[in-house]
Amino acid sequence: MNSPFSTEISRHPLADFGWDDDWAAAFAPYAAQGFVPGRVVRVDRGQCDLVTPEGPVRADTEFVTPHDPLRVICTGDWAVVDPEGGDPRYVRTYLPRRTSFVRSTSSKRSEGQILAANVDHAVIAVSLAAELDLGRIERFLALAWESGAQPVVVLTKADLVPDAATVAHLVSDVETAAPGVDVLAVSAEEGHGIDVLGALLDGTSVLLGQSGAGKSTLANALLGADVMHVHAVRDVDGKGRHTTTTRNLLVLPSGGVLIDTPGLRGVGLFDAEAGVGQVFSEIEALAEGCRFHDCAHDAEPGCAVLAALDDGTLPPRRLDSYRKLLRENQRLAARTDARLRDEMRRVWKARGAEGRAAMEAKRGRLG
Ligand code: GDP
Ligand code: ZN
């Protein structure tokens, strides 16, 4: 196999990069006009690298760089690209996103930044070499759920835990903090659990987690099982851009792709109320049983959440963590609103006397 674009005639050349029937259907109107589909590998300096059925393409992103930072084209997007022959070739638009990872910029301006699009699985790497911090895991889970991706928690470095019973115990601890989420222990060092994880990761995946959690090692373990395949992807590129192609969008030998962009690693919450709700789905389900629909679960009579605390089915840590993440999220939301107000004020100032006069005149005409 010398190129993933020629090995299997029946498969779409972009199938390895996540192309499926739904993308094909969304792209059909553009195909009819002669446009070419491409998956965005990376975006930089007004251009982007794409994988297309013709191989790697570099294209101008002028038409897909709007003011709204959340709508700027990013890694993982499915682009609509000019057919061959254009110089430069332009990305005309991109297909509606299924999911999107957004980061709150750490500056005073609370503006979101889009980090990756169309991610199916968010792998949250957590080291078993350190003490488990369930609150931190819940934070990453909120972020993952909010993006629309399905999270999976991977407890790394299981070889450093003395015995299997302890590993099982740790897995079940994490499971209580992650309803609806697969939790598995792996050792990249010993190769344990890597195939199980690989089998879970169809479509597009990203790795999240603290520095030192074992993400790079895990990525290598997932990729390493079939080094030939990685080489095959590199071979596609005759233009010396293989390093960028392989750095940000990596084809997994077990199927699917891994997106690895620098920003994703230090990602923070951004407007993730729905995500927080999903992390604490058992609390939200309990709250449905509270007597008052706006129950704050403080001292209200008939509170189902407090009852669950009393009978021990809900660990107090979970409720504390839920409140903490909701508060954090509300602070962020308030900051966003403040920014919007400031922006509106600036706009009105900029319009100045001229604008106001025009408005007055208009009002006069109407009144
Ligand atoms: P990253 O910062 O999340 O990318 O973490 P790295 O992949 O760089 O791993 C951090 C450290 O943990 C490195 O020293 C790795 O060698 C070590 N490490 C990663 N996976 C394993 C594992 O399965 N077992 C052991 N014993 N060490 C591991
Ligand atoms: Zn209540």
Side-chain angles (χ1 to χ4, degrees), residues 115-116 121-133 136-137 139-140 143-144 151-164 166-167 170-171 174 183-198 201 205-225 246-248 250 252 258-268 276-277 280-316 318-323 326:
L115 295 172
H121 302 279
V123 179
I124 300 166
V126 179
S127 169
L128 285 179
E131 201 180 331
L132 280 182
D133 183 340
R136 184 181 294 137
I137 296 174
R139 222 164 169 288
F140 276 114
L143 199 97
V152 49
V153 178
V154 173
L155 306 179
T156 64
K157 316 187 197 182
D159 55 284
L160 298 178
V161 180
D163 59 276
T166 311
V167 172
L170 293 166
V171 167
V174 174
V183 179
L184 46 120
V186 306
S187 166
E189 183 85 11
E190 296 180 341
H192 288 154
I194 302 299
D195 48 348
V196 179
L197 177 60
L201 304 181
S205 304
V206 295
L207 286 170
L208 305 177
Q210 276 208 306
S211 167
K215 294 180 297 297
S216 311
T217 311
L218 197 57
N220 286 334
L222 285 166
L223 291 161
T246 51
R247 199 191 319 139
N248 294 66
L250 305 138
L252 298 172
L258 192 64
I259 289 184
D260 186 17
T261 69
L264 260 175
R265 298 193 158 199
V267 74
V276 173
F280 300 93
S281 54
E282 88 278 30
I283 299 179
E284 303 223 322
L286 283 167
E288 305 253 307
C290 294
R291 186 177 305 160
F292 304 108
H293 78 94
D294 60 348
C295 184
H297 326 305
D298 275 325
E300 288 87 345
C303 173
V305 173
L306 293 178
L309 276 184
D310 279 344
D311 70 19
T313 48
L314 178 65
R318 280 286 277 175
L319 187 57
D320 289 345
S321 187
Y322 176 55
R323 289 182 159 144
L326 277 183

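Atoms within each ligand, like the ligands themselves, are counted from 1 in listed order.
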Answer yes or no for [X]: is there a heavy-atom contact with ligand 1 below 4.0 Å?
X: Asp159; answer: yes
X: Gly209; answer: no
X: Ala125; answer: no
X: Gln210; answer: yes

Starting from the Zn ion (ligand 2), count all protein N, O or S atoms within a radius below 2.8 Å.
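Under the 2.8 Å cut-off, the count stands at 4.
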Gly212-ligand 1 polar pair, N/O distance under 3.5 Å:
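By distance alone, the answer is yes.
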Is it true that a side-chain atom of Lys215 and a backbone atom of Gly209 form a donor plus acceptor pair closer than 3.5 Å?
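Here the side-chain-to-backbone pair exists.
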State, to 0.1 Å, how close [X] and [Y] come at their nearest heavy-atom pair, and which atoms those are.
X: Val171; Y: Ala185; value: CG2-CB, 4.1 Å
X: Ser321; Y: Phe280; value: OG-CZ, 3.7 Å
X: Leu286; Y: Ala308; value: CD1-CB, 3.6 Å
X: Leu160; Y: Ala129; value: CD1-CB, 3.6 Å

side-chain contact (heavy atoms from CB on, under 4.5 Å) assessment of Val183 paired with Leu155
CA-CA 7 Å; Val183 179; Leu155 306 179; 4.0 Å; yes
Select the closest option to atom 6 (P) of ligand 1 among Thr217, Leu208, Val161, judged by heavy-atom distance.
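Selected option, by shortest heavy-atom distance: Thr217.
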Tell me every residue that passes side chain to side chain contact (heavy atoms under 4.5 Å, CB included) with Arg323, counting only those two or more places apart in sequence or in another chain.
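Only His297, Asp298, Leu319, Arg327 meet the side chain to side chain contact (heavy atoms under 4.5 Å, CB included) criterion with Arg323.
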Which of the numbered atoms in ligand 1 are under 4.0 angstrom from any heavy atom belonging to [X]?
X: Lys215; result: 1 (P), 3 (O), 4 (O), 5 (O), 7 (O)
X: Ser187; result: 23 (O)
X: Ala188; result: 23 (O)

Kindly indicate, with the supporting measurements, whether the criterion side-chain contact (heavy atoms from CB on, under 4.5 Å) is fulfilled by Leu208 and Val123.
CA-CA 6 Å; Leu208 305 177; Val123 179; over 6 Å; no
Side chain, backbone, both or neither: which part of Leu160 has a heavy atom under 4.0 Å from ligand 1?
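It is the side chain that touches ligand 1; the backbone stays farther off.
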